[in-house]
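Written out below as structure tokens is the structure these notes cover.
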Number of protein chains: 2
Amino acid sequence: MKVLLVDDEPTILETVETKLRKEGYSVFTAATAEEGMRLYKQTKPDLLILDVMLPQRSGYDLCRAIRKDSKVPIIFLTARASEDDRVSGLDIGADDYVVKPFNLSELAARVKALLRRTTGETPLQIVETGNLKIDPVRHEAVLDGANLTLSPKEFALLYFLARHAGQVFSRDTLLDRVWGQDAFVSSRTVDVHVHWLRERIEPTPGKPIRLVTVRGVGYKFVA
Amino acid sequence: MKVLLVDDEPTILETVETKLRKEGYSVFTAATAEEGMRLYKQTKPDLLILDVMLPQRSGYDLCRAIRKDSKVPIIFLTARASEDDRVSGLDIGADDYVVKPFNLSELAARVKALLRRTTGETPLQIVETGNLKIDPVRHEAVLDGANLTLSPKEFALLYFLARHAGQVFSRDTLLDRVWGQDAFVSSRTVDVHVHWLRERIEPTPGKPIRLVTVRGVGYKFVA
DNA sequence: GCGCTTATTAATGCGGTCTTAACTCGCCTT
DNA sequence: AAGGCGAGTTAAGACCGCATTAATAAGCGC
């Protein structure tokens, strides 16, 4: 994922760049709106971080110019925290706001969240459906008040299916979304994991009511 | 009131000096620890602002040297925001910490507050959970009434995990948040420190109930 | 500079986890 | 009714991750 960072303070450029690189992003930096625009056209980043206060053309200007031909997510950095700023910033198309002085980790978290949001993924949050509760942050799944012991894959699979309860997923899709795009395993692997999950969360063996098979298609979680 | 500012970045020297002069302070600046020491002896400032990262002798060194003959208030500037830094910084006698990138007004406010200095309140707070109590300011951890002997890293790691009890952290995240953003050490290092911590705080060896492993993910502190 | 404490890395062993393959069952089609 | 296809189930082996220990390096106080 490519991130373009435009700020006129060298310290900020450097620290933010270092942080984001550590998080695995490709980072491009610019100190002025002009250079930012040039780099934007060159690199077509997945996300922009713009300082509101820039010499000559402001971050607002740059944002407006970019918004004319793209809906790329944009985070504003600003020293001012007034409601007024937030409003006008969001007006012209900013997706998020971070007020200086900011915490590096917080900024990184917002970048991550915004990218996830814009690429269709929802951020990590607790899923609760009926008597089942899954907390990805604590990495805990609770069924009828009892803690479930799940392996990493089982947990990931259950969390994904529960988060999209009702929706059917093919084995291939599940491999993509749960295992990852670079996993090259047989699709039958999914069956096995579903089987184990059923042993743990289904009340009556042989009669699944939560992890349901949709024959010829795949599996779905029923709430 | 005289303030001595030591930082090797010209931009910071200039902006901070300007700001503080506006606030009515007499400001002296130095780019190296040596020069800082010289100016300190010459001017006997009422407060010091030190960059942690300086060429040759670090800000820590300078702080330690100055602490030998004075209790002059000291503020550290650092690009690193790790718990460990905060802790070790306070250990050697810093009175406050400002993490780069920082807001000028915030720094000025801290200078003011520190100079006013009645009963300095630190951003570091005591964590108490069950029979464990951790006081970062005193740098003391007490378990069941008994004082724990912890190394700096052990203390920082325990403090961080306990402060975020329940939440799982990957090894990489822990390295980021506890070791610091510019620490390039193997993630296995975390295992070893967790191991030592367990030896000190877990009641039964081999069956951790507080520092729990989440297989495939990382570690978490359970209250 | 010397010795102690602390941090980090590397190596090893163990145990859990994942994956595959084989076999079975059931449903659908012809 | 038979064949084929999809899914359930199980066992076995490969693989991976973690705990643990020892050895080395680095920091710190004396």
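Numbers restart at 1 for each chain; the letters A, B, ... are given by sequence-line order, proteins then strands. Both backbone and side-chain heavy atoms feed into the values below; hydrogens, waters and symmetry mates do not.
- At whole-Å resolution of the value, CG in D191(B) and P in dT20(D) are 10 Å apart.
- Among T189(A), D176(A), D191(A), the single residue meeting the side-chain hydrogen bond (donor to acceptor under 3.5 Å, both in side chains) criterion with R171(A) is D191(A).
- Remark: C1' of dG26(C) and CZ of R215(A) are 7 Å apart, rounded to the nearest angstrom.
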Base-contact (B) and sugar-phosphate-only (S) positions in nucleotides 10-15 of chain D, heavy-atom cut-off under 4.0 Å, - elsewhere: B-----
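- The CZ atom of F169(A) sits 11.5 Å away from the NZ atom of K220(A) when rounded to the nearest 0.5 Å.
- For the pair H193(A) and dT19(C), the criterion of a side-chain N or O lying under 4.0 Å from OP1 or OP2 is met.
- Between dG16(C) and S151(A), no contact under 4.0 Å exists linking OP1 or OP2 to a side-chain N or O.
- The rotation axes computed at either terminus of the helix from dG1(C)-dC30(D) to dT30(C)-dA1(D) lie 30° apart, taking five pairs at each end and rounding to 10 degrees.
- We find that CG of L150(B) is positioned 15 Å from P of dT5(C), with the value rounded to whole Å.
- Taking only side-chain nitrogens and oxygens, R198(B) comes nearer than 4.0 Å to OP1 or OP2 of dA19(D).
- Partners of Y219(B) under the ring-ring contact (aromatic ring centres under 6.0 Å, His included) rule, at least two apart in sequence or in another chain, do not exist in this structure.
- Distance L211(B) CG to dC18(D) P: 15 Å, rounded to the nearest Å.
- For S186(B) and dA10(C), the shortest distance from a side-chain N or O to OP1 or OP2 is not below 4.0 Å.
- An OP1 or OP2 oxygen of dT20(C) is reached within less than 4.0 angstrom by a side-chain nitrogen or oxygen of T189(A).
- A straight line from NZ of K207(A) to C1' of dA7(D) spans 14 Å, rounded to a whole angstrom.
- Using a 4.5 Å cut-off on side-chain heavy atoms (C-beta onward), R210(A) and V222(A) make no contact.
- Judged by distance alone with a 3.5 Å cut-off, no donor-acceptor contact links the side chain of R171(B) to the base of dG17(D).
- Within the structure, a side-chain polar atom (N or O) of Y219(A) is placed less than 4.0 Å from OP1 or OP2 of dG8(D).
- Regarding K153(A), its NZ atom lies at a distance of 11 Å from the P atom of dT20(C), rounded to whole Å.
- Distance W179(A) CH2 to dT19(C) C1': 10 Å, rounded to the nearest Å.
- Taking the six-membered ring where the residue is Trp, F155(A) and Y159(A) present parallel rings, their angle staying beneath 30° rather than reaching 60°.
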Stepwise side-chain hydrogen bond (donor to acceptor under 3.5 Å, both in side chains) test for T173(A) and S170(A): CA-CA 5 Å; T173(A) 305; S170(A) 72; 2.8 Å; yes
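- Taking atom CZ of F155(A) as the reference point, atom C1' of dG17(D) lies 18 Å away to the nearest angstrom.
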